[in-house]
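Each remark here refers to the structure printed beneath this line.
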Amino acid sequence: MIKIAVCDDDKAAREHIVSLIEEQLQGAEITTFATGEEMIQAQRDFDICFLDVEMREISGMDVASHIRQQEEGRTKSIIIFVTGYERYMNSAFDVSAFHYLLKPVDEEKFCHVFGRALRELYAEEERTKQYILVKNSGTWRKVFIKDIYYIESANKKVIIHTEAGALDCYGKMDELERMTGSGFYRCHRCFLVNMEKIVSYNADTIKVANGDRLILARKRYNDFIRQYMKYAKDGGIVNV
């Protein structure tokens with residue numbers, strides 16, 4: 001069951017969002033909160049969060065920051081801000097918001113954004129099931145793609161850096177690039193990075209979520225930007 005939170009200190013606004021959700025999705029578990037403090041104190045995980053920005057004491061941005069802090073190393077909630085003020089739009093990127101809806105909420109726009117959010121949620125469920133098979137110490141191992149930070153070529157071996165640690169195995173980078181798919185980018189002949197795990201980058205370096213920094217070949221910088229933007233546009237998870 002999809003779990004959805006609606007947090008807004010305006011009762012009419014909360015009820016409107018709930019009605020729009022129910023028109024488009026039957027059977028979801030919808031929980032409403034009148035304040036940001038209530039939602040934080042509930043200590044619950046949600047698949048999709050609709051957050052008003054300007055609320056008393058604890059703002060929607062504060063709630064979003066709290067959500068992201070609690071999600072370290074876990075699947076991230078889809079955050080959609082619903083507010084009457086455009087000036088917070090840039091801040092929404094700091095917490096990797098999925099979208100930013102302005103009040104009064106246009107029902108056609110809501111339908112489009114919520115539909116995209118649901119497709120992203122279903123796609124993420126499929127991503128969690130994807131894996132590659134690699135041979136380590138004579139044994140075939142299943143490595144889930146979502147757990148990989150990056151893959152490194154070292155001498156005649158490759159090292160797969162995952163949330164559970166580093167895994168040495170035999171293999172070719174070209175073959176692993178094909179196996180991991182479009183969510184990975186060959187930023188250097190020795191590095192294949194999971195774009196979901198990128199937290200920052202500059203002209204010659206990519207930093208991933210475990211703190212490691214990878215070489216970004218200068219001749220590949222422009223192509224990297226194009227591929228990363230395409231990945232984001234297609235619904236990929238962006239943490240930058």
Quick one: are [X] and [Y] in side-chain contact, heavy atoms under 4.5 Å?
{"X": "Val199", "Y": "Val208", "value": "no"}
{"X": "Cys49", "Y": "Met39", "value": "yes"}
{"X": "Lys207", "Y": "Ser200", "value": "yes"}
{"X": "Thr83", "Y": "Leu101", "value": "no"}
{"X": "Val6", "Y": "Ile21", "value": "yes"}
{"X": "Cys7", "Y": "Met55", "value": "yes"}

Would you say the side-chain atoms of [X] pair up with the backbone N or O of [Y], donor to acceptor, closer than 3.5 Å?
{"X": "Arg116", "Y": "Arg119", "result": "no"}
{"X": "Gln24", "Y": "Cys111", "result": "yes"}
{"X": "Asn194", "Y": "Tyr149", "result": "no"}
{"X": "Gln227", "Y": "Asp223", "result": "no"}

If you look only at pairs with a residue in residues 165-186, which of them pass as a ring-ring contact (aromatic ring centres under 6.0 Å, His included), with sequence neighbours excluded?
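For residues 165-186, and leaving out neighbouring residues, the ring-ring contact (aromatic ring centres under 6.0 Å, His included) pairs sorted by first residue read Tyr185-Phe224.
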Return the minimal non-hydrogen interatomic distance between [X] and [Y], and the atom names on each side.
{"X": "Phe81", "Y": "Ala64", "result": "CZ-CB, 3.7 Å"}
{"X": "Ala117", "Y": "Ile80", "result": "CB-CD1, 4.2 Å"}
{"X": "Met173", "Y": "Arg186", "result": "CB-NH2, 3.4 Å"}
{"X": "Gly36", "Y": "Val63", "result": "CA-CG2, 3.5 Å"}
{"X": "Ser182", "Y": "Met195", "result": "O-CE, 3.2 Å"}
{"X": "Ala5", "Y": "Phe33", "result": "CB-CE1, 4.1 Å"}

Do Arg44 and Glu29 pass the salt bridge (charged side-chain N to carboxylate O under 4.0 Å, His left out) test, and can you show the C-alpha distance, the side-chain angles, and the key distance before you say yes or no?
CA-CA 12 Å; Arg44 294 181 57 189; Glu29 180 184 315; 2.4 Å; yes
Just jot down the side-chain contact (heavy atoms from CB on, under 4.5 Å) partners of Ala13, sequence neighbours excluded, or say none.
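Expected list: Asp8, Asp10, Lys103.
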How far apart are the C-alpha atoms of Phe191 and Ile151, what are their side-chain angles, what is the distance that settles it, and do they pass the side chain to side chain contact (heavy atoms under 4.5 Å, CB included) test?
CA-CA 6 Å; Phe191 294 109; Ile151 300 173; over 6 Å; no
Could you list the residues that satisfy side-chain hydrogen bond (donor to acceptor under 3.5 Å, both in side chains) with [X], not counting sequence neighbours?
{"X": "Asn136", "result": "Arg141"}
{"X": "Ser77", "result": "Glu71"}
{"X": "Asp62", "result": "Ser59"}
{"X": "Asp106", "result": "none"}

Should [X] and [Y] be regarded as members of a common hydrophobic cluster, given that ILVMFWY residues are connected when their side-chain heavy atoms come within less than 4.5 Å of each other, either directly or indirectly?
{"X": "Val18", "Y": "Phe50", "value": "yes"}
{"X": "Val193", "Y": "Leu176", "value": "no"}
{"X": "Leu192", "Y": "Ile225", "value": "no"}
{"X": "Leu121", "Y": "Phe110", "value": "yes"}
{"X": "Leu102", "Y": "Ile79", "value": "yes"}

Taking only residues two or more places apart in sequence, or in another chain, which ones meet [X] in a salt bridge (Lys or Arg N to Asp or Glu O under 4.0 Å)?
{"X": "Asp47", "result": "none"}
{"X": "Glu37", "result": "none"}
{"X": "Glu175", "result": "none"}

Can you measure from [atom1] ([X]) to [atom2] ([Y]) and round to the nearest 0.5 angstrom?
{"X": "Leu214", "Y": "Glu152", "atom1": "CG", "atom2": "CD", "answer": "8.0 Å"}
{"X": "Glu38", "Y": "Thr32", "atom1": "CD", "atom2": "OG1", "answer": "8.0 Å"}
{"X": "Asp168", "Y": "Ile159", "atom1": "CG", "atom2": "CD1", "answer": "5.0 Å"}
{"X": "Leu25", "Y": "Leu118", "atom1": "CG", "atom2": "CG", "answer": "5.5 Å"}
{"X": "Cys187", "Y": "Leu216", "atom1": "SG", "atom2": "CG", "answer": "6.0 Å"}
{"X": "Lys3", "Y": "Ile48", "atom1": "NZ", "atom2": "CD1", "answer": "13.5 Å"}

Determine, stepwise, if the pair Lys76 / Glu196 fulfils salt bridge (charged side-chain N to carboxylate O under 4.0 Å, His left out).
CA-CA 11 Å; Lys76 289 180 168 53; Glu196 180 179 328; over 6 Å; no
Considering only residues two or more places apart or on different chains, which pairs with a residue in residues 208-221 satisfy side-chain hydrogen bond (donor to acceptor under 3.5 Å, both in side chains)?
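Non-adjacent pairs meeting side-chain hydrogen bond (donor to acceptor under 3.5 Å, both in side chains): Tyr150-Asp212, Asp204-Arg218, Asn210-Asp212.
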Quick one: list whatever passes ring pair (Phe, Tyr, Trp, His ring centres under 6.0 Å) with His16, sequence neighbours left out.
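Partners of His16 by the ring pair (Phe, Tyr, Trp, His ring centres under 6.0 Å) criterion come out as none, since no residue qualifies.
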Does Tyr228 form a ring-ring contact (aromatic ring centres under 6.0 Å, His included) with Tyr201? I'd like the steps, not just the answer.
CA-CA 11 Å; Tyr228 192 55; Tyr201 61 84; 5.8 Å; yes
Lys197 and Glu163: CA distance, side-chain angles, deciding distance, side chain to side chain contact (heavy atoms under 4.5 Å, CB included) verdict:
CA-CA 11 Å; Lys197 302 297 187 182; Glu163 294 178 2; 2.7 Å; yes
If you group Ile, Leu, Val, Met, Phe, Trp and Tyr whenever their side-chain heavy atoms sit less than 4.5 Å apart, what else falls in with Met1?
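Hydrophobic cluster check, Met1: no partners found.
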Does the pair Arg56 and Thr35 meet the rule for a side chain to side chain donor-acceptor pair (under 3.5 Å), with working shown?
CA-CA 7 Å; Arg56 296 182 298 274; Thr35 67; over 6 Å; no
Give the intermediate values and the outcome of side chain to side chain contact (heavy atoms under 4.5 Å, CB included) for residues Ile17 and Val82.
CA-CA 9 Å; Ile17 295 298; Val82 186; 4.2 Å; yes
Check the pair Met61 / Val53 against side chain to side chain contact (heavy atoms under 4.5 Å, CB included), numbers first and verdict last.
CA-CA 6 Å; Met61 289 294 175; Val53 176; 4.2 Å; yes
